[in-house]
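This report refers to the structure that appears directly beneath it.
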Amino acid sequence: MNPSRPFPYPKSRKLKPEELPEVYRALRRHFGHQDWWPGETPFEVMVGAILTQNTAWSNLEKAIANLRQAGVLSPEALRKISKKRLAALIRPAGYFNIKAERLKSFIQFFFKEYGGRLDRMRKERGTAPRTKLLSVKGVGPETADSMLLYALNRPIFVIDAYTKRIFARHRMMNFSESYDVWQKVFMSALPRQTSLYNDFHAQIVALGKALCKTSKPLCDYCPLSRYL
DNA sequence: GCCCAGGTGGGTA
DNA sequence: TACCCACATGGG
């Protein structure tokens with residue numbers, strides 16, 4: 001994604017953060033409730049959060065399928081497997097060497113901090129899990145927040161490339177604002193509800209994927225065109 | 001063949 | 001702080 005690319009769409013009115021609840025309802029009317037869970041288990045979600053970094057979802061799915069096929073989609077098995085074999089299994093996800101390294105560092109952290117047990121991580125209150133996750137090499141804010149929202153059911157809004165692209169195009173804020181600023185704007189404008197954050201992010205991804213498949217200008221197609 | 005995808009960390013000025 | 005860059009496969 002090149003944020004400096006010229007803005008390819010007609011000048012639009014500015015979308016205000018206060019309109020986000022309404023935007024969510026518009027997306028939901030268009031796409032329907034997503035009930036989105038990007039993985040079969042919470043642990044799989046955490047693994048997927050690392051594997052999906054800057055990668056097409058279809059490639060991630062191949063890597064997850066390989067891990068499942070090899071029977072290593074568990075904390076214990078991922079701790080035991082060699083980095084070399086792990087890298088070979090996740091090859092379709094791209095960046096396989098660096099992601100094998102990141103998965104290993106995450107697993108090491110997961111055992112050191114929580115004994116490899118998700119329930120122990122769940123019990124920890126407040127912002128401690130996020131702070132700790134961010135200390136793991138290879139886990140940045142989006143990866144940490146994806147884990148917190150989709151694996152631990154915490155009310156944390158995930159900001160991804162689709163989110164920034166779509167809302168920057170609607171001139172709500174600049175693409176280049178920091179992750180924390182983007183997140184603060186969304187979380188200030190929306191009630192703190194896990195189910196809302198889960199489905200809103202899923203709606204954004206649904207829109208992002210739909211727009212990737214069309215060459216039409218955004219405003220001809222987008223269910224948010226009423227806000228232009 | 002070319003462009004891009006649900007990021008992150010390291011290096012340089 | 002603010003940019004560069006490496007990391008890599010697979011689909012359109």
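The chains referred to below are lettered A, B, ... by the order of the sequence lines, with proteins before strands, and numbering in each begins at 1. No hydrogens, no waters, no symmetry mates; every other heavy atom, side chains included, goes into these values.
Atom CG of A:Leu211 and atom P of C:dG12 are 17 Å apart (whole Å). If you measure from atom CD of A:Glu142 to atom P of B:dT8, you get 6 Å, rounded to the nearest angstrom. At whole-Å resolution of the value, CG in A:Leu51 and P in C:dA8 are 13 Å apart. In this structure, A:Lys62 atom NZ and B:dA5 atom C1' are separated by 12 Å, rounded to whole Å. The interatomic distance linking A:Asp160 (CG) with B:dT8 (C1') rounds to 15 Å, in whole Å. A:Phe96 places its CZ atom 6 Å from the P atom of C:dA8, with the value rounded to the nearest Å. Between A:Glu61 atom CD and B:dA5 atom C1' the separation is 13 Å, expressed in whole Å. Rounded to whole angstrom, the span from the CG atom of A:Leu103 across to the C1' atom of C:dC7 amounts to 15 Å.
Nucleic acid contact class of A:Lys99 (heavy atoms, under 4.0 Å, all strands): none. Nucleic acid contact class of A:Val139 (heavy atoms, under 4.0 Å, all strands): sugar-phosphate only. Nucleic acid contact for A:Arg91: sugar-phosphate only, since backbone atoms but no base atoms lie under 4.0 Å from a heavy atom of the residue.
Cluster membership check: A:Leu190 shares its hydrophobic cluster with A:Trp36, using side-chain heavy-atom separations under 4.5 Å among Ile, Leu, Val, Met, Phe, Trp and Tyr.
A close approach under 4.0 Å does not occur between any side-chain nitrogen or oxygen of A:Asn59 and OP1 or OP2 of C:dG11. A sub-4.0 Å separation between OP1 or OP2 of B:dA5 and a side-chain N or O of A:Arg165 is present. Here A:Lys137 reaches the OP1 or OP2 of B:dG10: one of its side-chain N or O atoms lies under 4.0 Å away. For B:dT8, the OP1/OP2 oxygens have a side-chain nitrogen or oxygen of A:Thr143 closer than 4.0 Å.
Using modelled atom types, one finds no donor on one side chain facing an acceptor on the other under 3.5 Å when comparing A:Glu101 with A:Asn97. Looking only at atom types and distance, the side chain of A:Asp160 has a donor-acceptor partner in the side chain of A:Thr163 under 3.5 Å away.
Picking from C:dG11, B:dG7, C:dT9 the nucleotide with the shortest atom distance to the side chain of A:Ser58 gives C:dG11. Counting only heavy atoms from C-beta on, A:Tyr95 has its side chain closest to C:dA8 among C:dA8, C:dG11, B:dA5.
Taking NE2 of A:His170 as the start and NZ of A:Lys16 as the end, the distance is 14.0 Å to the nearest 0.5 Å.
If you check C:dG10 for Watson-Crick or wobble pairing at under 3.5 angstrom, you find it paired to B:dC4.
Each of A:Tyr150 and A:Leu134 was matched to the nucleotide of DNA chain B holding its nearest heavy atom; the match closer to the 5' end belongs to A:Tyr150.
Straight-line distance between the P atoms of B:dG1 and C:dA8: roughly 22 Å, to the nearest whole Å.
For A:Phe200 and A:Phe157, the ring centers sit closer than 6.0 Å to each other.
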